[in-house]
Amino acid sequence: MKESRYQWQEETDTIKSESLFPALKELGLSNDLAPLLWKRGVKQVEDVASFFYPALENLHDPFLLYDMEKAVERIQTAIMNNEKILVYGDYDADGITSTSLMKESLELVGANVSYFIPNRFDDGYGPNKEVYKYYMKQEQVTLIITVDNGVSGHEAIQYAQENNVDVIVTDHHELPEILPNAYAIIHPRHPQGEYPFGDLAGVGVAFKLSSALLGEIPIDALDLVAIGTIADLVSLTDENRALVKLGLDRLKETDRIGLQIMFSETKLKLAELNEETVGFTIGPRLNAIGRLGDGSPGVELLTTFDDEAAEQIVRDVEASNDERKEIVQRISGEALLMAEQESSDFNLIIKEGWHQGVLGIVASKVVQKTGRPTLIMTYDEQTGLIKGSGRSTEHLDMFQFLTQMKEKFVSFGGHHMACGLSFEKDKVESIREAIKTQLAAGEYDFSQKPALAIDENLAIDQITVKKIEQLNQLRPFGTDNPAPYFKIDPETMTSMKRLGVNQDHLKLLVRSGETDLDCIGFSFGDALEEIESGSGLSFVGQVSINEWNGQRKPQFQITDYCVNGLQIFDARGKKAQNFELSKNDICGLVFTQPFYDKFSKTMNVKLFDFEKLDSIDIYQTIAILECPPSLEVAEKMAVAYDVSRWVLLCETDFDHYLAGIPTRDDFGKFFKLIHQQSSIDVRHKLDAIISYLKIDKNKVIFMIKVFFELGFVTIEDGLMKRVENPPHRPLTESTKYQAYLKKIESEKLFICSNTGEIKQWLCSIGGNKK
């Protein structure tokens with residue numbers, strides 16, 4: 001049995017959603033979409049049409065945002081007086097698109113505008129006093145507009161305001177208890193505001209300021225809004241859904257040279273462009289620019305009219321993205337190893353030499369693998385500080401949790417699921433202790449699995465191209481509007497294999513009845529043995545249409561799985577290299593002392609003793625290291641240890657089954673030799689005996705033992721003598737002969753049979769019914 005990683009939540013009550021049937025019928029849509037809409041918060045008939053067909057009219061009035069009118073008037077004054085305006089952005093995809101949008105909007109109304117994207121290594125996140133000072137004194141900037149940052153920039157903003165430079169903050173990040181002393185703060189969750197939707201991305205807030213400033217919706221900027229909103233993983237509901245859906249339509253027709261070249265280089269088909277394209281292709285590339293260096297080329301890429309410049313930037317972006325992938329893979333491996341060694345409910349992982357730009361990605365990967373909130377930090381030689389990023393689980397609000405110890409930090413900001421911070425090197429241990437103390441006081445339960453809502457159980461023959469096309473009408477998918485999750489219970493699996501350069505991914509074909517379904521599991525490569533070993537499998541995942549050579553087929557993308565039945569892991573022979581038999585949660589089982597001596601040095605091993613079974617029953621997985629001496633012993637073992645996970649190594653000191661028992665002719669030759677010689681020195685002349693008889697050495701030794709046991713010969717000091725007139729006894733009376741036969745029978749099952757046959761035998765003996 002293999003438990004699922006998530007806690008599957010299957011909701012079957014769909015009666016209430018039937019109230020949406022008339023609205024769906026009016027739009028010509030399937031009633032099958034009703035329960036999916038209901039679960040996603042669309043419960044009013046009047047909301048159905050706007051969900052599927054959002055329009056510009058669905059967008060909220062930008063002047064509902066607090067300080068918007070004040071901000072617009074200040075910008076207009078700056079334009080009239082030809083003041084120099086600085087757009088101060090951020091180095092991620094949201095910040096780059098926000099900066100590009102604000103720069104273009106200000107240029108449209110004739111502003112004297114420049115922009116600055118902070119370097120995460122030199123300038124850090126958010127307003128930087130030294131940068132402000134430079135632009136104020138050297139560039140004579142008199143108005144600064146922040147995009148996608150600012151609400152935590154107290155010092156820099158205070159400095160600017162005190163020196164007669166106004167700062168207009170546009171931001172969407174978590175609000176601190178005390179807001180900075182800015183000229184205006186435009187934030188969808190401003191404590192004094194009443195904006196109807198609080199989940200705008202940074203680019204969404206910039207878009208609102210642009211709309212208010214221009215007096216109309218800047219339709220040409222919707223492509224930027226879609227990219228930034230999707231990349232920042234904000235809620236794709238309400239206004240964001242409209243912005244993204246309309247923005248994706250605009251993106252398919254974009255005039256931006258840089259994006260056109262990027263689409264060409266990455267072989268994207270514009271007609272098929274969707275939120276996944278942005279989330280997995282465009283967003284990561286824009287993020288890669290700022291993760292590894294200066295993010296300013298990202299703005300140039302999105303705003304340039306120069307073909308040659310755009311082509312060079314795209315080449316640079318591709319190189320940065322490839323480098324970013326390599327760095328993430330290396331650091332993730334190191335961090336996961338450290339997390340396993342730390343074994344804490346809250347991972348605080350620090351190592352010198354790690355690249356600061358990818359620590360957030362690494363933190364996400366560690367959280368995904370460990371299910372624990374994680375801070376990934378490294379030492380910054382330039383500042384002498386420990387810097388890094390955090391990612392959390394649904395069980396802990398990262399921002400609120402760390403806010404309680406913020407006096408220990410030099411810088412800190414973020415939200416429920418993510419944060420960035422820095423602190424002095426000598427504070428490491430005190431922060432570790434503070435985390436432990438707060439965890440104990442808060443009684444957080446990280447043993448609870450994260451929830452995964454399953455929309456429907458589907459038979460494999462229900463997953464069709466037509467069904468998936470209906471589901472795609474719910475797009476764009478994202479936060480709070482996830483692609484539907486389905487559960488399938490295939491009867492059989494075939495053609496299972498690993499894919500990818502590092503064999504990270506898994507591809508398999510599942511079948512129920514006469515219907516096959518292609519399945520793909522990204523980052524599930526290491527689950528091959530688990531899935532291959534079991535029966536009673538269930539998969540949870542999402543569906544898509546796979547197009548190849550003009551054919552369109554349904555495909556199931558695995559998110560989670562469980563094995564409900566008995567699992568047999570085949571580690572026999574060369575396959576043993578694929579198993580970590582020394583893991584603490586595996587107990588090895590042997591039947592003789594020599595094998596105990598062999599394995600006990602490297603792993604937890606028990607010598608089978610039917611009288612002392614309680615010493616092994618804490619384990620869920622048992623590795624049969626030595627082939628059982630007989631099926632009777634194997635049966636006692638299996639009934640006593642009714643576990644659901646068996647690993648087969650099944651080594652033996654001699655392959656009895658393949659060698660076979662000596663034949664009657666073999667025994668006859670040996671018997672004849674004994675009668676020809678009154679005595680034989682078996683200690684020193686064994687090789688000569690073997691050569692003369694032309695019989696395998698192990699068989700000769702076995703026959704000597706059998707004849708000795710039956711009283712046909714005597715052996716003293718290595719000298720074997722025949723017994724005159726020995727008793728007439730059949731060979732089968734020998735216990736050694738019987739034991740050999742039993743070993744043959746056991747080896748036939750445990751060494752020469754496939755795992756299906758072994759599983760069938762285990763289930764047939766009364767135990768292991770799981």
Strictly by modelled atom types, are Ser235 and Thr479 linked by a side-chain donor-acceptor pair under 3.5 Å? no
For Glu194, is the CD atom crowded, meaning more than 12 foreign heavy atoms sit under 6.0 Å from it? no
Looking at side-chain heavy atoms only, is the closest gap between Gln76 and Leu213 below 4.5 Å? yes
Leu222 pairs by side-chain contact (heavy atoms from CB on, under 4.5 Å) with which of Asp249, Leu56, Val244? Leu56
Are Ile230 and Leu248 close enough, and set up right, to give a side-chain contact (heavy atoms from CB on, under 4.5 Å), and what steps lead you there? CA-CA 10 Å; Ile230 293 169; Leu248 287 171; 4.1 Å; yes
Do Val87 and Ser114 come within less than 4.5 Å of each other through their side chains, counting heavy atoms only? no
Between Tyr132 and Ile157, does a side-chain contact (heavy atoms from CB on, under 4.5 Å) hold up when you go through it step by step? CA-CA 8 Å; Tyr132 275 26; Ile157 292 173; 4.3 Å; yes
With sequence neighbours excluded, residues passing side-chain contact (heavy atoms from CB on, under 4.5 Å) with Leu270: Phe263, Leu273
On a heavy-atom basis, the closest approach of Asn321 and Pro284 is OD1-O, 3.7 Å
Who are the salt bridge (charged side-chain N to carboxylate O under 4.0 Å, His left out) partners of Arg552, not counting sequence neighbours? Glu469, Glu547
Give the minimum heavy-atom separation between Ile376 and Ala335, together with the two atoms involved. CD1-CB, 4.1 Å
Taking all non-hydrogen atoms of both residues into account, name the closest pair between Ser332 and Val362 and its distance. OG-CG2, 3.7 Å
For atom CD of Glu69, decide whether the heavy atoms of other residues, nucleotides or ligands shown that lie under 6.0 angstrom number more than 12. no
Donor-acceptor pairs are to be reported for all side-chain atoms of residues 295-303 against protein atoms at under 3.5 Å, with residues two or more places apart or in another chain.
unit_1	atom_1	unit_2	atom_2	d
Ser296	OG	Asp294	OD1	3.0
Thr303	OG1	Val299	O	2.7

Working note: Arg40 + Asp480, criterion salt bridge (charged side-chain N to carboxylate O under 4.0 Å, His left out); need CA distance, chi angles, decisive distance, verdict. CA-CA 7 Å; Arg40 285 153 182 76; Asp480 296 330; over 6 Å; no
For residues Leu209 and Ala71, report the shortest heavy-atom separation together with the two atoms involved. CD1-CB, 4.4 Å
For Asn347 and Thr370, test the side chains for any donor-to-acceptor distance below 3.5 angstrom and give the result as yes or no. yes
How far does CD1 of Ile168 sit from NZ of Lys70, to the nearest 0.5 angstrom? 9.5 Å
Would you say the side chain of Leu233 lies within less than 4.5 Å of the side chain of Met417, judging by non-hydrogen atoms? no
Does the Asn546 side chain pair with the main chain of Pro554, one donor and one acceptor, at a distance under 3.5 Å? no
side-chain contact (heavy atoms from CB on, under 4.5 Å) between Leu421 and Met377, intermediate numbers included: CA-CA 9 Å; Leu421 71 162; Met377 315 291 293; 4.0 Å; yes
Can you sort out the partners of His395 under ring pair (Phe, Tyr, Trp, His ring centres under 6.0 Å), two or more places apart, ordered by chain and number? none
How about Gln400: does its CD atom have over 12 heavy atoms from other parts shown lying under 6.0 Å from it? yes
Interatomic distance, Ser50 atom OG to Asp238 atom CG [nearest 0.5 angstrom]: 9.0 Å
Sequence neighbours excluded, which residues qualify as side-chain contact (heavy atoms from CB on, under 4.5 Å) partners of Tyr66? His190, Gln192
Is there a side-chain contact between Leu452 and Val540 (heavy atoms, below 4.5 Å)? yes
Test item: Arg475 and Asn472 side chains (from C-beta on) under 4.5 Å apart, heavy atoms: yes
Between OH of Tyr485 and CD1 of Ile454, what distance do you get to the nearest 0.5 Å? 10.5 Å
State, yes or no, whether a side-chain contact exists between Thr99 and Ile117 at a heavy-atom distance under 4.5 Å. yes
Side-chain atoms of residues 179-188: list all donor-acceptor pairs with protein atoms under 3.5 Å, sequence neighbours left out, distances to 0.1 Å.
unit_1	atom_1	unit_2	atom_2	d
Asn181	ND2	Gln158	OE1	3.4
His187	ND1	Arg189	N	3.0
His187	NE2	His173	O	2.7

Phe486 versus Leu471: any side-chain heavy-atom pair under 4.5 Å? yes
How would you list, by chain and number, every residue that makes a ring pair (Phe, Tyr, Trp, His ring centres under 6.0 Å) with Tyr115, sequence neighbours excluded? none
From CA spacing to verdict: side-chain contact (heavy atoms from CB on, under 4.5 Å), Ile331, Val358: CA-CA 9 Å; Ile331 297 178; Val358 302; 3.8 Å; yes
For Lys365, look at atom NZ and say whether over 12 heavy atoms of other residues, nucleotides or ligands are found less than 6.0 Å away. no
With sequence neighbours left out, which residue pairs that include part of residues 195-252 fulfil the ring-ring contact (aromatic ring centres under 6.0 Å, His included) condition? His60-Tyr195
Using the side-chain contact (heavy atoms from CB on, under 4.5 Å) criterion, which residues pair with Asn287? Sequence neighbours excluded. Asp92, Ala93, Arg291
Gap between atom CG of Leu402 and atom CE of Met398 - 0.5 Å precision: 6.0 Å
With rounding to the nearest 0.5 angstrom, report the NZ to OG distance, Lys369 to Ser523. 6.5 Å
What about Phe399 and His416, are their ring centers closer than 6.0 Å? no
Just grab all the salt bridge (Lys or Arg N to Asp or Glu O under 4.0 Å) pairs involving residues 200-229, residues at least two apart or on different chains. Lys208-Glu239, Asp220-Arg250, Asp223-Arg256
Can you measure from CG (Asp32) to CG (Asp455) and round to the nearest 0.5 angstrom? 12.0 Å
Can you give me every donor-acceptor pair (side chain of residues 143-150, partner residue at least two apart or in another chain, under 3.5 Å) with its distance?
unit_1	atom_1	unit_2	atom_2	d
Thr146	OG1	Asn149	O	2.7
Thr146	OG1	Thr170	N	3.2
Asp148	OD1	His172	NE2	3.1
Asp148	OD2	Gly95	N	3.3
Asn149	ND2	Tyr88	O	3.1
Asn149	ND2	Gly89	O	3.2
Asn149	ND2	Val147	O	2.8

Who are the side-chain contact (heavy atoms from CB on, under 4.5 Å) partners of Asp61, not counting sequence neighbours? Phe63, Leu64
Residues Arg285 and Glu265 bridged, charged N to O under 4.0 Å: no
List the atom of Thr266, the atom of Met262, and the distance in Å for their closest heavy-atom pair. OG1-O, 2.7 Å
Search all heavy atoms of Gln542 against all heavy atoms of Pro484 and return the closest pair with its distance. CG-O, 3.3 Å
Residue pair Cys419 / Leu375, side-chain heavy-atom distance below 4.5 Å: yes
Is a side-chain donor or acceptor of Ser210 paired with a backbone partner of Ala206 at a separation under 3.5 angstrom? no
